[in-house]
Amino acid sequence: MKRILPLLILGICLTACVPAYTLVPEGKTTSNGYEVVLESEWNKAPEMLKPGPRTEMWTKDGVELNQLLFVSQLDAGESLFHSRSRELPMPKFAADMLPNDVIDFVKTSFKNLYGGEISIQAGHLRPQSFGQTPGYRFQLDFFTPSGLAKRGDVLATIKNDQLYLMVFVAARMHYYDRDQPEIEKLFSTVTF
Amino acid sequence: MTRSTRRTINSGLFLGLMGIVCLALSDEYKPDFQPNYRPVTDSDEGGLWYVIDKQEEQVKTSPHRIRDPELNRYIHDLVCDLSGEYCSGIRVYIMKNPHFNASMAPNGMMQVWSGLFLRLSNEAELAAVLGHEIAHYLRAHTIKRWRTIRETGALAVWLDVGLGLVTGVHGLASLGLMSGAMAYNRGQEEEADRYGLQLLVDHRYAPEAPAQLWHTLEIEREADQSKSSSSFFFATHPDIEDRAEYLEQQARVLTKPEIDYLGRSHEAYVERVTPYYYAFMQNHLELQEYEQTESLLKLHRELGYPAHLTDHFSGELYRLRNLEGDQERALESYQAAVESPQSLAVTHKNFGYMLMKQKQSQLAREQFQLYLDKNPSATDAEMIRFYLQTLESS
């Protein structure tokens with residue numbers, strides 16, 4: 001028993017310390033208050049890897065290749081992502097933000113998530129319902145500091161002074177185009 | 001004679017003597033190598049060039065490279081003018097990076113960052129920066145530095161971190177890591193300053209330009225107390241006041257009243273940079289260093305950049321900063337910007353949004369309509385038309 005005990009402790013430690021993704025099967029499911037119908041399987045990131053306070057993060061092939069963020073009920077004064085640097089604090093949401101402000105809010109949040117080392121282009125802003133609420137969507141394009149081109153789609157709305165966002169970001173090469181049709185369907189069928 | 005008077009006279013004498021010594025020294029600066037020099041591959045210098053050549057391949061294809069042919073031609077011609085027969089060994093890459101910097105690698109790869117253009121007042125100052133970088137190159141400072149660092153054992157850091165950052169392959173580096181590993185030493189900086197000034201004067205550029213540029217940078221640094229530690233430039237160039245002083249001193253010695261020096265015109269420089277101003281400032285605004293942006297806008301107004309551009313960026317700065325009273329300040333700036341016939345479509349749009357926020361529906365509609373008139377193929381036209389309809393019924 002004396003020999004087994006350290007191994008048991010080590011085993012418990014390893015299972016407790018390694019963050020595990022959980023499988024999200026096809027079909028109807030909920031995420032952070034949203035209801036979606038999935039055409040394929042996703043992986044939900046563990047609590048400790050969540051980038052922001054009101055955010056759930058999913059991926060198919062690893063967050064560097066594709067990720068889907070569900071952000072809900074972000075209050076005024078809250079940030080999209082956890083701050084990583086005192087010199088580069090995350091921008092804060094304000095309830096009176098209009099689409100141009102929300103675009104800058106999302107752009108700056110991502111820029112600061114990368115330590116300020118990326119420059120993001122945003123465009124193709126257009127109206128789109130978010131569940132039952134009038135909302136809008138736009139596109140993001142950027143290169144990571146190591147040179148990987150990424151593209152993102154953002155669906156946004158402000159309801160009762162709180163921000164709701166769905167953000168899909170993927171590597172331009174292969175992954176964005178492969179998953180885009182599914183994301184399109186998710187954006188148009190999501191409810192909350 | 002009081003002690004302070006004596007000190008003043010002593011320092012005056014000292015500076016005077018320094019000026020004479022500097023003049024004597026500056027006449028002696030010569031390149032360390034022949035034009036089209038390339039080290040043999042199996043030497044330490046050949047090895048260094050090999051590594052940097054590989055980095056240059058990445059810079060060449062970097063998404064941050066600015067390829068505008070006219071701007072590239074302008075800088076290339078200026079570099080060629082200053083470097084003479086050494087021009088064929090230098091390749092210039094203009095990089096999209098809002099920080100103030102230019103750099104020179106020993107293999108002749110020169111980088112000029114877009115943020116540099118935002119700090120300059122005339123072509124002579126641009127020539128001063130390029131001359132300084134060319135001087136580092138002609139005096140082979142990097143290989144000398146490399147040989148020193150090799151003895152201290154910090155070479156791996158210097159290669160991995162230093163070169164990567166300075167060549168821009170790691171993106172828009174915040175560059176805090178740069179200071180120790182990559183900087184030239186103080187003696188080399190001073191030599192590049194003095195040799196650079198010599199090149200400037202040899203080509204009839206205004207000798208006072210380098211010292212004036214340092215003064216401009218000092219003003220910007222003072223406006224940006226909170227973040228000076230994160231600035232690449234100030235981390236690697238710590239002695240602004242000293243340098244401004246000795247450059248000013250040497251410029252006074254070198255200036256000849258009978259010569260009509262080149263590059264002093266603000267107007268000519270501003271006209272040259274205006275086509276790129278929007279993109280460069282937009283990039284700077286993204287740094288979220290609002291005091292610094294404000295200080296730059298003040299400089300740009302003094303230099304005579306078109307008011308519809310500076311007013312637009314003041315509006316954007318206040319909208320993004322969003323402190324108490326900033327929405328009102330943004331409205332005033334946008335209002336001033338749209339009064340120009342050259343006003344940008346995007347100013348009308350953001351003015352419209354801000355008016356909408358203030359519940360001034362009719363005025364917001366007018367601005368949105370002007371936006372669509374100026375930019376009928378805007379990718380967000382559908383969104384703006386949606387608001388035009390919403391505002392009509394409100």
Side-chain angles (χ1 to χ4, degrees), chain A residues 76-77 79 83-112 114-129 134-150 156-158 172, chain B residues 58-59 61-64 96-99 114 164-165 168-176 226-231 279 282-289 316 319-322 327 330 346 349-359 364 371 378-387 389-390:
Chain A
S79 299
S83 276
R84 295 184 170 191
S85 148
R86 249 189 323 181
E87 296 232 321
L88 211 57
M90 284 291 172
K92 291 182 166 49
F93 170 65
D96 67 351
M97 281 183 168
L98 289 168
N100 61 336
D101 302 317
V102 170
I103 289 175
D104 284 322
F105 173 70
V106 172
K107 270 171 68 178
T108 309
S109 300
F110 269 95
K111 184 183 174 76
N112 294 2
Y114 281 93
E117 294 185 15
I118 59 166
S119 179
I120 303 179
Q121 306 299 314
H124 298 278
L125 172 71
R126 56 200 186 275
Q128 182 167 328
S129 295
Y136 42 89
R137 62 180 292 178
F138 52 93
Q139 202 171 64
L140 305 173
D141 274 292
F142 61 96
F143 289 90
T144 64
S146 55
L148 182 66
K150 288 198 173 188
T157 192
I158 296 174
R172 281 285 301 275
Chain B
Q58 289 182 278
V59 171
T61 55
S62 167
H64 305 302
K96 178 182 163 189
N97 189 322
H99 296 283
S114 56
L165 286 174
V169 295
H170 293 299
L172 311 174
S174 55
L175 299 159
S226 61
K227 289 183 179 171
S228 58
S229 62
S230 68
S231 159
Q282 183 63 30
N283 199 212
H284 189 271
L285 201 57
E286 288 167 10
L287 285 177
Q288 309 145 63
E289 294 186 350
E316 289 293 89
R319 175 176 71 83
L320 291 166
R321 193 174 67 177
N322 203 21
Q327 291 196 3
V346 65
K349 177 174 72 176
N350 285 347
F351 190 20
Y353 275 129
M354 191 56 87
L355 288 164
M356 200 171 125
K357 215 179 266 189
Q358 305 287 323
K359 314 255 181 273
Y371 170 64
T379 63
D380 59 354
E382 199 188 333
M383 188 84 232
I384 299 301
R385 277 195 285 271
F386 168 82
Y387 279 121
Q389 282 175 0
T390 317

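Just so we're on the same page: letters track the sequence lines, and every chain starts at 1.
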Using 0.5 Å steps for rounding, measure from the [atom1] atom of [X] to the [atom2] atom of [Y].
| X | Y | atom1 | atom2 | answer |
| --- | --- | --- | --- | --- |
| A:Asn100 | B:Met354 | CG | CE | 7.5 Å |
| A:Glu87 | B:Glu289 | CD | CD | 8.5 Å |
| B:Asp380 | A:Arg126 | CG | CZ | 11.0 Å |
| A:Ile103 | B:Met383 | CD1 | CE | 9.0 Å |

Region of B:Leu320 that comes under 4.5 Å of a non-hydrogen atom in chain A: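 The answer is the side chain of B:Leu320.
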
Under the rule for ring pair (Phe, Tyr, Trp, His ring centres under 6.0 Å), what residues qualify as partners of A:Phe105, not counting sequence neighbours?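 In terms of ring pair (Phe, Tyr, Trp, His ring centres under 6.0 Å), with neighbours along the sequence ignored, A:Phe105 is linked to no residue.
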
Which heavy atom of [X] sits nearest a heavy atom of [Y], and at what distance?
| X | Y | answer |
| --- | --- | --- |
| A:Leu98 | B:Tyr387 | CD2-OH, 4.5 Å |
| B:Lys96 | A:Ser119 | NZ-OG, 3.2 Å |
| A:Ile120 | B:Glu286 | O-OE2, 4.3 Å |

Any B:Arg319 side-chain heavy atom under 4.5 Å of A:Asp104 side chain: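 They are in side-chain contact.
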
With a 4.5 Å cut-off on heavy-atom pairs, point out which of B:Arg385, B:Lys357, B:Glu382 contacts chain A the most.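 Result: the option with the highest number of such pairs is B:Lys357.
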
Contacts of B:Gln389 that satisfy side-chain contact (heavy atoms from CB on, under 4.5 Å) - sequence neighbours left out: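 Applying side-chain contact (heavy atoms from CB on, under 4.5 Å) to B:Gln389 gives none.
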
